[in-house]
Amino acid sequence: MEDINIVIAGSAGEGVQTVGDVLVETIAVHGYSVFAWQEFESRIRGGQNSYSIRISDKPVNAPRMKADILLALNEGACNKYEPLIKQDGILIAQKKTRERMIAIAFSEIAQRELGNRIYINTMVIGALVAAVGMELEVLNHVLTRKFAKKGDKVVSDNLVAAGKGYTLAREGCRGICPWLLPKLDTHYTPIAGKEALSTAAALAGCRFMAAYPMSPSTDIITILSQNEKELGVFTEQAEDEIAAVNMAIGASFAGARAMTATSGGGFALMVEAISLAGMTETPLVIILAQRPGPATGLPTRTAQGDLLFAINAGHGEFPKLVLAPADADDIFKKIMRAFNLADKYQIPVIVLTDQFLLDSIFSVQDINLSQLGPTYYLTDPFKIQDYKRYLVTDNGVSPRLYPGQATHLVTADSDEHDSHGHITEDLSGTVIRMVEKRLAKYRALKGEINPPEEADIEGADKILVGWGSSRNAILEGIELLREDDIRVGMIHFTELWPLPEYRFPESKQYWIVENNTTAQLGRLLRSEYGITIAGVINRYDGLPLTAGYIRRNFNG
Amino acid sequence: MVSIEDYKGNVEFQWCPGCSNFSILNAIKMAFVELEKMPHELCLVSGIGQAAKLPHYLRCNFFNGLHGRAIPAALGIHVANPLLTTIVVTGEGDCYGEGGNHFIHALRRNPDITAVVHNNEFYALTKGQASPTTRIGERRTLQIQGVEIAPLNMPAIAIAHNCPFVARGFAGDSMQLKSLLVEAIKNPGLSYVEVIQPCITWGTHPLSWYKERVYKLGGDYDPTNRQAALEKVLDTDDKIPTGILFRGSPRKTFAERFRKEITNRPLAELEPVSKEKISEFISRLRMSSTLQ
């Protein structure tokens, strides 16, 4: 099938989120794959925001800008987002303003026939279900589930509202709505990046999270906090990011798998502690949820502007791991790797995400948890006679215990230290051994890193190279470019530091695709692999990369 | 039985010979002996400064982290392993200056840890600059015209925020300090012990200056009376009262609810959440997100 893109637009507080969420669920119950992403202003009321829902029969999991259907909850939303409507697309709004549209006086009808304007949202959902040719019955099922706890009256009133919206839209649809979505037997699980991340952390054995609220990272700790009983993670809102990361390091030193999450500004405050985790060899997972900077930047928008910052974060030299998951499915794998490798090598791990990745809802056909789970590397204290926390070993990894685990004394020191963790100034002996021990861990870690993903490399002489959350947009971009008779391939990195041992295919032209201004990955690859960059496609308006954007900006 | 020998470390001291830190170290060890705490049952947490080196000089678990960040690290340790006796050893530069924010919020959280704050009224390890408690007018290496900004009264702040245990000791009286530390460690909730400390290298006051000012609170002093305690620490008669300054009314401690409802074991001992539970959680996710 050709996919359908619905854009729901309105002011903050008008119900964009509710309409979008219920519609996503209804589509999923219908058996279709859904991809949803949101863009919104940094305010609680007012402004104009959008919630885009892309429906298809196989997962695309990438955003599209052009709308088949624009649902505008107010006139301002209509004015702002109308240019998105495709030529054969339609508008659904309260007043008739154009040819191809369905005009329904939602607020008037809700007030007059249902007795309350509160039913506008449910009517709107009914109208959208009708417009794309889904079954009202399925919507009714979803609404019944949603409102069950609020009692029969609320359920039946909402079903009436949904039916009203559905019926009116069916009438308005004649001749302009070509879509039909019969119920399918397939099943996809819609899951937001932030939901995948919080759940994956719990699955990875995370037991402690401290963070300071900062968009777009805040929902991670919120989800863990709201589901404390089920997921068993201790959460604490710290007084600042410095406290958050030091709490997490303390908890990890004392044996708990621990993490923190923040965005660029908060990450900047955490940088000294990243170095501390490196020096004290304390496992630590930091989620860096990128948004456009510098400084406060655009708090609710998306970017990939902190790649080199993350890789270089922390004074002095010490091993660290930087991962950048591609989508919700990959988040599960990368979060598992983050916790397990942090533990194995006793290092800080930074997971680069962004507003787009965390807030978007992806469809996963089968979240396979069987291959995922924690591997613990704490040492058995009863196999040790004379315990040295920083014992020098071949791969640099010392036996790790936590304080109180046994009678062995466990130490950590931010000063350069000896094998017992005590301050040293023995420059010619102990200091060199400790520096080399940490370097040895870096070498061992490098051997664990997976090569980048290659797609359509054979026969393509131009390759799009990207990282992190842009993967699915690039893959779709390749398909669009093929329609223009341009053959390109993709090399995509989700493990960014240390960079893997990898040979870039010879005699290809490399095009860097990034959600930033300076092509940071390009700079990194040039310095580490010596490749030549033929061109750059970058986007820095706070919106995510899309296949259409890549097609328009590729001029190779 | 625990003896003071159990705490004897074998690390070369980096303190100046004759430093009053030695008597503080001795008081801390004596307190542990009296409480019959074994070295592995303790975790000392420190930041940076001369005081922060103390954990290196006795046998114990310790985390010697970043300047000013001992308290957040200690909170993490305390939550992750509640079976440990967690003690922060810090100086006034570390705790009131670089890490002042964390101390203030520790007063809100009320964790069951003890904070021992060495207060010599200037920075020693960085060679004599003014600290948050240096008095106005005092000339320091970086303030040769004399300190122009007012000193911070952290005990007053702690009392104002109903800290469960606020005490002040004097490095010149390690027996009294030991008793205060024993009480502090036994007290549930945040225990804050400030230690007034002369410095033989950078100090400007002779020992007699301290002897004239430091005095012990008498038996008629009621530490549960917040108003009286505040008046005592705000006192401007240039005296330095020592002893238990304040005992706040009991209140919930940090992570107490989590321990009751989720677990009171070290977090490292817990089995990971089962895959079945995670699967079930994921299947209900979309619903729960729209149910709010």
Side-chain angles (χ1 to χ4, degrees), chain A residues 18 21-22 24-25 28 145-146 149 189-191 195 199 202-203 205 207-208 210 227-232 234 238-240 242-243 246-256 258 272-273 276 280 367 369-370 373-374 378 402-415 422-423, chain B residues 9 11 14 38-43 45 48 53 55-56 59-66 68-69 71-81 83-84 101-102 104-105 109 254-255 258 261-263 266-270 272-273 275 277-283 285-291:
Chain A
T18 310
D21 285 350
V22 175
V24 162
E25 210 167 300
R145 259 199 328 198
K146 176 177 159 64
K149 278 189 186 155
T189 304
I191 186 163
E195 294 163 344
T199 317
L203 183 62
R207 287 290 183 181
F208 184 100
N227 298 286
E228 180 194 77
K229 282 210 164 58
E230 285 168 280
L231 302 178
F234 178 88
E239 58 271 28
D240 57 33
I242 296 173
N246 279 281
M247 284 181 196
I249 290 172
S252 176
F253 168 72
E272 187 189 22
L276 173 70
T280 57
I367 299 175
L369 303 181
S370 65
L378 280 164
Y402 65 87
Q405 191 178 0
T407 55
H408 297 301
L409 298 179
V410 184
T411 59
D413 191 4
S414 67
D415 296 271
H422 290 299
I423 301 174
Chain B
V11 173
Q14 293 184 356
M38 296 294 288
H40 70 272
E41 296 172 315
L42 301 160
C43 190
V45 188
I48 299 300
K53 290 178 183 171
H56 290 277
R59 292 188 66 247
C60 62
N61 298 298
F62 69 82
F63 186 91
N64 181 183
L66 295 175
R69 316 305 167 196
I71 284 178
L75 291 174
I77 292 165
H78 173 62
V79 168
N81 190 352
L83 305 180
L84 290 168
N101 197 22
H102 310 310
I104 289 168
H105 291 276
R109 290 194 175 96
F254 185 53
F258 184 86
E261 294 178 8
I262 309 296
T263 182
L267 298 181
E269 289 182 8
L270 304 181
V273 186
K275 286 174 191 173
K277 222 169 169 180
I278 293 286
S279 289
E280 194 198 306
F281 180 76
I282 292 169
S283 66
L285 255 177
R286 292 283 80 222
M287 280 309 295
S288 62
S289 72
T290 54
L291 268 174

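Keep in mind the model is a prediction, meaning the values are calculated, not measured. Within every chain, numbering begins at 1; the chains are lettered A, B, ... in the order of the sequence lines, protein sequences first and strands thereafter.
Using a 4.5 Å cut-off between heavy atoms, A/S370 touches chain B through its backbone atoms (N, CA, C, O) alone. Neither the backbone nor the side chain of A/A210 comes within contact range of chain B; no heavy atoms are under 4.5 Å apart. For a residue to count as touching a neighbouring chain, one of its non-hydrogen atoms must lie under 4.5 Å from one of that chain's; by this rule B/I48 touches chain A with the side chain only. Residue A/F253 touches chain B through its side chain alone, counting heavy-atom pairs closer than 4.5 Å.
Test A/I249, A/I242, A/N246, A/D240 against B/P72 for side-chain contact (heavy atoms from CB on, under 4.5 Å) and you get one pass: A/N246.
A donor-acceptor pair under 3.5 Å is formed between the side chain of B/N81 and the backbone N or O of A/P403.
Of the listed residues A/D415, A/I423, A/T189, the one with more heavy-atom pairs under 4.5 angstrom with chain B than any other is A/I423. Of the listed residues (A/A202, A/P190, A/A248), the greatest number of heavy-atom pairs within a distance under 4.5 Å of chain B belongs to A/P190.
The shortest side-chain heavy-atom distance between B/L267 and A/Y402 does not fall under the 4.5 Å cut-off.
Residues A/K229 and B/E261 are paired through a salt bridge, judged by an N-O separation under 4.0 Å between the basic side chain and the carboxylate.
Between A/F208 and B/F258, the ring center distance fails the sub-6.0 Å criterion.
The salt bridge (Lys or Arg N to Asp or Glu O under 4.0 Å) test applied to B/R109 returns A/E236, A/E239, not counting sequence neighbours.
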